[in-house]
There are 2 protein chains.
Amino acid sequence: MGYTISQVAKKFDLTAHTIRYYDKEGLLPFVDRSKTGNREFTDDDLDWIKLICCLKNTGMPIKQIKQYIEWCLLGDKTLEIRRQMFIDHRKEVLKQMEDLKENLKTIDHKLKCYAKSCNISPNTRQVHSL
Amino acid sequence: MGYTISQVAKKFDLTAHTIRYYDKEGLLPFVDRSKTGNREFTDDDLDWIKLICCLKNTGMPIKQIKQYIEWCLLGDKTLEIRRQMFIDHRKEVLKQMEDLKENLKTIDHKLKCYAKSCNISPNTRQVHSL
DNA sequence: ATAAACCTTAGAGTCTACTCTAAGTCAAGC
DNA sequence: GCTTGACTTAGAGTAGACTCTAAGGTTTAT
């Protein structure tokens with residue numbers, strides 16, 4: 001059977017427009033069509049889209065994801081370079097997590113300040129700088 | 001004394017262009033000028049810019065950061081709403097961290113697959129799907 | 001058989017966040 | 001006094017990722 005574009009869209013919280021855009025950009029060369037020309041997604045296709053969303057949501061540009069898909073199409077001779085891509089990308093994800101942690105500290109510090117400012121009686125409130 | 005725009009740019013890994021853009025967008029209403037019209041940044045200004053970068057780097061749009069700066073300019077009567085903004089934004093940062101963790105799992109799984117594919121002898125390599 | 005609800009395409013438009021250009025001012029060093 | 005290298009502005013241009021429109025095809029329900 002398979003899934004229609006809007007079923008897939010719903011599943012991944014995308015729009016059908018976005019999926020067609022990804023297809024146009026070369027991210028979905030594996031998706032087959034029905035006799036009438038409609039895209040028909042298989043469960044395997046969903047796995048591919050899940051991976052594409054993972055890469056996209058961790059900041060990889062569409063062009064680089066496309067590059068990866070192209071490497072996949074070239075078969076085993078690109079295994080090593082694909083693996084290296086994931087090693088590199090993993091590093092970037094770890095960096096993002098570190099950065100988020102640092103920024104969370106700043107936000108928590110700010111929240112402490114606001115907790116103070118908001119709890120003391122109005123007439124003794126400090127004037128916030130800026 | 002204070003800092004020039006390019007000194008600040010270097011400090012925050014931005015360009016002078018970007019800082020002027022932020023100023024134009026209303027993010028830096030507090031920055032003073034020298035007699036000749038050049039921006040002169042104080043240490044307090046750097047703290048503000050650090051916070052702005054924190055918000056920006058955790059995905060807050062420029063417009064919302066501008067809104068926050070405007071609330072700051074309005075003084076104590078906006079303390080509660082500003083605090084609420086940080087509470088809401090903190091939640092979003094935690095969500096981002098959760099999402100990153102999930103995506104890291106997917107990447108690590110993929111890396112395991114590639115470790116296998118890349119280590120077995122060439123003539124027995126599985127053909128990767130797609 | 002006709003309307004509703006899907007799907008298709010090419011291509012134009014939008015939004016965000018820069019990024020750059022052109023033309024000009026000012027201060028310091030040779 | 002003139003060049004170099006800061007800085008200034010307004011405004012145009014760009015990149016990335018959608019987002020939408022127009023025109024049309026197919027399937028299903030009444």
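In what follows, every chain begins at residue 1, and chains take the letters A, B, ... in the order their sequences are listed. When reading the values below, keep in mind they use all heavy atoms of this one structure, side chains included, and skip hydrogens, waters and symmetry mates.
Checked for salt-bridge contact, A:E102 and A:K105 meet the test: a charged N lies under 4.0 Å from a carboxylate O. A salt bridge does not link B:E92 with B:K95: every distance from a Lys NZ or Arg NE/NH1/NH2 to an Asp or Glu carboxylate oxygen is 4.0 Å or more.
Distances were taken from every side-chain heavy atom of B:T18 (C-beta onward) to each of C:dT19, D:dC7, C:dT8; the shortest belongs to C:dT19. Considering only the side chain of A:H17, D:dT21 comes nearest among D:dT21, D:dT9, C:dC18. With D:dT9, C:dT8, C:dC7 as the candidates, the nucleotide lying closest to the side chain of B:R33 is D:dT9. The side chain of B:K56 has C:dC18 as its nearest neighbour among D:dT8, C:dC18, C:dT8.
Rounded to whole Å, atom P of C:dT8 lies 12 Å from atom NZ of A:K24. One interatomic measurement links the two molecules: CD of B:E40 to P of D:dC7, which rounds to 12 Å at whole-angstrom precision. Remark: C1' of D:dC7 and CG of B:D32 are 16 Å apart, rounded to the nearest angstrom. Following rounding to the nearest Å, B:D13 (CG) and C:dT19 (P) show an atom-to-atom distance of 11 Å. Atom-to-atom, CD1 of B:I5 to P of C:dC26 comes out at 18 Å; the value is rounded to the nearest Å. Protein atom OH of B:Y3 is 19 Å distant from nucleotide atom C1' of D:dC7, rounded to whole Å. To the nearest angstrom, P of D:dG11 lies 14 Å from CD of B:E25. Between B:D23 atom CG and C:dA17 atom C1' there is a gap of 16 Å when expressed in whole angstrom units.
Ring pair A:Y68/A:W48 is tilted by interplanar angle, where 30° to 60° counts as tilted.
Contact check, A:S6 against C:dC7: a side-chain N or O comes under 4.0 Å of OP1 or OP2. Side-chain N/O atoms of A:T36 include none lying less than 4.0 angstrom from OP1 or OP2 on D:dG25. Contact annotation: B:Y22 side-chain N/O to C:dC18 OP1/OP2 distance is under 4.0 Å.
Residue contacts shown for B:S34 are absent, as no nucleic acid heavy atom lies under 4.0 Å away. Residue A:T15 is classed as having no contact, given no heavy-atom separation below 4.0 Å to the nucleic acid.
When atom types are taken as modelled, the side chain of B:N103 and the backbone of B:D99 share a donor-acceptor pair closer than 3.5 angstrom.
A residue-by-residue look at A:Y21 and B:R39 shows that B:R39 has its nearest nucleotide of DNA chain D further toward the 5' end.
Closest approach of A:W71 and A:T78 over heavy atoms only: O-OG1, 2.6 Å.
Within residues 57-67 of chain A, the residues approached by DNA chain D to less than 4.0 Å at the level of any non-hydrogen atom are A:P61, A:I62, A:K63, in residue-number order.
When the options A:D45, A:T42, A:D43 are evaluated for a side-chain hydrogen bond (donor to acceptor under 3.5 Å, both in side chains) with A:Y3, the one that passes is A:D43.
Counting heavy atoms from C-beta outward, A:R20 and A:R39 have side chains that approach closer than 4.5 Å. Counting heavy atoms from C-beta outward, B:V31 and B:E40 have side chains that stay 4.5 Å or more apart.
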